[in-house]
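Note: hydrogens, waters and symmetry copies are ignored here, and every other heavy atom, side chains too, is used. We count ligands from 1, going down the list as the structure has it; atoms in each ligand are counted the same way.
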Amino acid sequence: MAPLVETGVRDTFGRPLRNLRVSVTDRCNLRCQYCMPEEEYTWLRRSDLLTFEEIQRLVEVFTELGVNKVRLTGGEPLLRRDLPDLVRMLATVPAVRDLAMTTNGVMLAGQASALREAGLHRVTVSLDTLRPDRFRALTRRDDHASVLRGIEAVRPAGFSGLKLDTVVIRGVNEDELIDLVEFARGVDAEVRFIEYMDVGGATHWSRDQVVSRAEMLQQLADRYGPVEPIREESSAPAERFRLPDGTTFGIIASTTTPFCRTCDRSRLTADGTWYLCLYAQRGVDLRTPLRDGASRDELRALIASGWSRRRDRGAEERKELEAIGRRGVLIQIEGLRQDPHLEMHTRGG
Ligand code: SAM
């Protein structure tokens, strides 16, 4: 009998499995204060990192259960050697209709063309500031010019739909929203402002540093006039808006306006641990069965059963804690040292 191919598995809230974020390394070449503020980190073991063949195999199984969007992330994905080879392999998986990457852009200028040629569809570059001195203070590296060169290389390489992701933090960059909207327009990109999240890694998070979606919208309306929401059917985390002159931008308001209800995302770490929520404390080990020779059907059953039991609504639960005055740093540094999987730079954001 032909194996039962389950398509479109749903979780306990009826949410489909559509988006898979694949972290290809936990290493990063920046040390952003809101993500990797510590001096020392516990890294994943190199021998535990999935090979490209293993990643491809898992992605194929995920697509049989409904995944059609794959985003490469990290750590910094461009630190993974020969990344275009992986892109080429994933681009051949027929069900993957959207193959994207999130990068800090530092190494993008040298790799954009190779990634495009390999079949990458879209690029998102994280850009928190347009000021080199701020960039240095925020990331503790001197690479701002390289990031801008990376952004400039995206269009000539043949990509369209460039996005710029900005984490907005009070006292750091909340005065740059307008500059970033203007900059994005100039490079034919759409900027998305992200509320500062109390995720693993953000060991200095505090509620007063969060610039809310409402504040951001007010700031932009004060400058540009009425901001119009763009109504669209989408499970994307960003809500999109239009300024009177037609410029569009997005806001990802996971902290003040969680969107767990439509969340169809899950995350695969570079060592093959599968997380069903950005805030989840535990993941499903897919590497061990994969390396122990599990068949495709067995892997599919494992993933299907994990997703069909999914009850996670991490961002909403964080918000509920706020209502009773108990919202703070998600995981203290000792916990992160014991299990690096809890880190944002391991999960890929
Ligand atoms: N290195 C790549 C990059 O910089 O885009 C990919 C990995 S990074 C962890 C993915 C995204 O997570 C980045 O846009 C980063 O700004 C975001 N991020 C990390 N910590 C965050 C936090 N505490 N709140 C909101 N976004 C965060």
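- Salt bridge Glu182/Arg185: present, at least one basic N to carboxylate O contact under 4.0 Å.
- Across Met36, Met344, Arg71, heavy-atom proximity to atom 9 (C) of ligand 1 is greatest for Met344.
- The aromatic rings of Tyr34 and Tyr196 lie perpendicular to each other, with more than 60° between the two planes, well past the 30° mark.
- The backbone and the side chain of Thr102 each have at least one atom closer than 4.0 Å to an atom of ligand 1 (non-hydrogen atoms only).
- The heavy atom nearest to atom 24 (N) of ligand 1, out of those in Glu76, Met101, Glu343, Met197, is found in Met197.
- Contact annotation: Arg347 has no heavy atom less than 4.0 Å from any atom of ligand 1.
- Distance from atom 20 (N) of ligand 1 to its nearest protein heavy atom, with residue and atom name: Tyr34 CD1, 3.4 Å.
- With values rounded to the nearest 0.5 angstrom, Glu176 atom CD is found 9.0 Å from Asp128 atom CG.
- For ligand 1 and Ala202, the ligand atoms under 4.0 Å from any heavy atom of the residue are 23 (N).
- Taking every heavy atom of both residues into account, Leu83 and Pro77 meet most closely at CD2-O, 3.6 Å.
- Numbered from 1 in the order shown, with element, the atoms of ligand 1 that lie under 4.0 Å from a heavy atom of Cys35 read 19 (C), 20 (N).
- For ligand 1, the polar-atom distance check finds an N/O of Ser126 within less than 3.5 Å of one of the ligand's N/O atoms.
- Close contacts between ligand 1 and Gly75 involve ligand atoms 1 (N), 2 (C), 6 (C), 7 (C) [criterion: under 4.0 Å to a heavy atom].
- What sits closest to atom 26 (N) of ligand 1 on the protein, heavy atoms only, is Val167 CG2, 3.4 Å.
- In terms of N/O distances under 3.5 Å, ligand 1 is not approached by Asp165.
- The N/O atoms of Gly74, backbone and side chain alike, include none that comes under 3.5 Å of an N/O atom in ligand 1.
- One hydrophobic cluster holds both Phe183 and Leu108 under the rule that ILVMFWY side chains link at heavy-atom gaps under 4.5 Å.
- Heavy-atom proximity to Thr73, at under 4.0 Å, picks out these atoms of ligand 1: 6 (C), 7 (C).
- Below 4.0 Å from some heavy atom of Glu195 lie the following atoms of ligand 1, by number and element: 25 (C).
- By the 4.0 Å heavy-atom criterion, Gly105 is excluded from the residues contacting ligand 1.
- With Tyr275 as the aromatic partner, Arg267 does not meet the cation-pi criteria of under 6.0 angstrom to the ring centre and within 45 degrees of the ring axis.
- When heavy-atom distances to ligand 1 are checked against a 4.0 Å cut-off, Asn104 comes that close through both its backbone and its side chain.
- At under 3.5 Å, not a single nitrogen or oxygen of His345, backbone or side chain, sits near a nitrogen or oxygen of ligand 1.
- The backbone N or O of Leu30 lies less than 3.5 Å from no partner atom in the side chain of Thr139, so there is not a single donor-acceptor pair.
- Under 4.0 Å is where a charged nitrogen must lie from a carboxylate oxygen, and between Asp264 and Arg15 no such pair does.
- Counting atoms of ligand 1 from 1 in the listed order, those under 4.0 Å from a heavy atom of Val199 are 22 (C), 23 (N).
- When heavy-atom distances to ligand 1 are checked against a 4.0 Å cut-off, Thr103 comes that close only through its backbone atoms N, CA, C and O.
- Glu39 CD: 12 or fewer foreign heavy atoms inside a 6.0 Å radius.
- The main-chain N or O of Leu120 is found under 3.5 Å from a side-chain atom of Arg116 such that the two form a donor-acceptor pair.
- With hydrogens and angles ignored, the 3.5 Å screen pairs no side-chain donor or acceptor of Asp82 with any backbone N or O of Asp85.
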| field | Asp297/Ser295 under side chain to side chain donor-acceptor pair (under 3.5 Å): CA gap, chis, key distance, verdict | value | CA-CA 5 Å; Asp297 287 353; Ser295 68; 5.3 Å; no
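- Nearest protein neighbour of atom 10 (C) of ligand 1, counting heavy atoms only, is Gly348 O, 3.6 Å.
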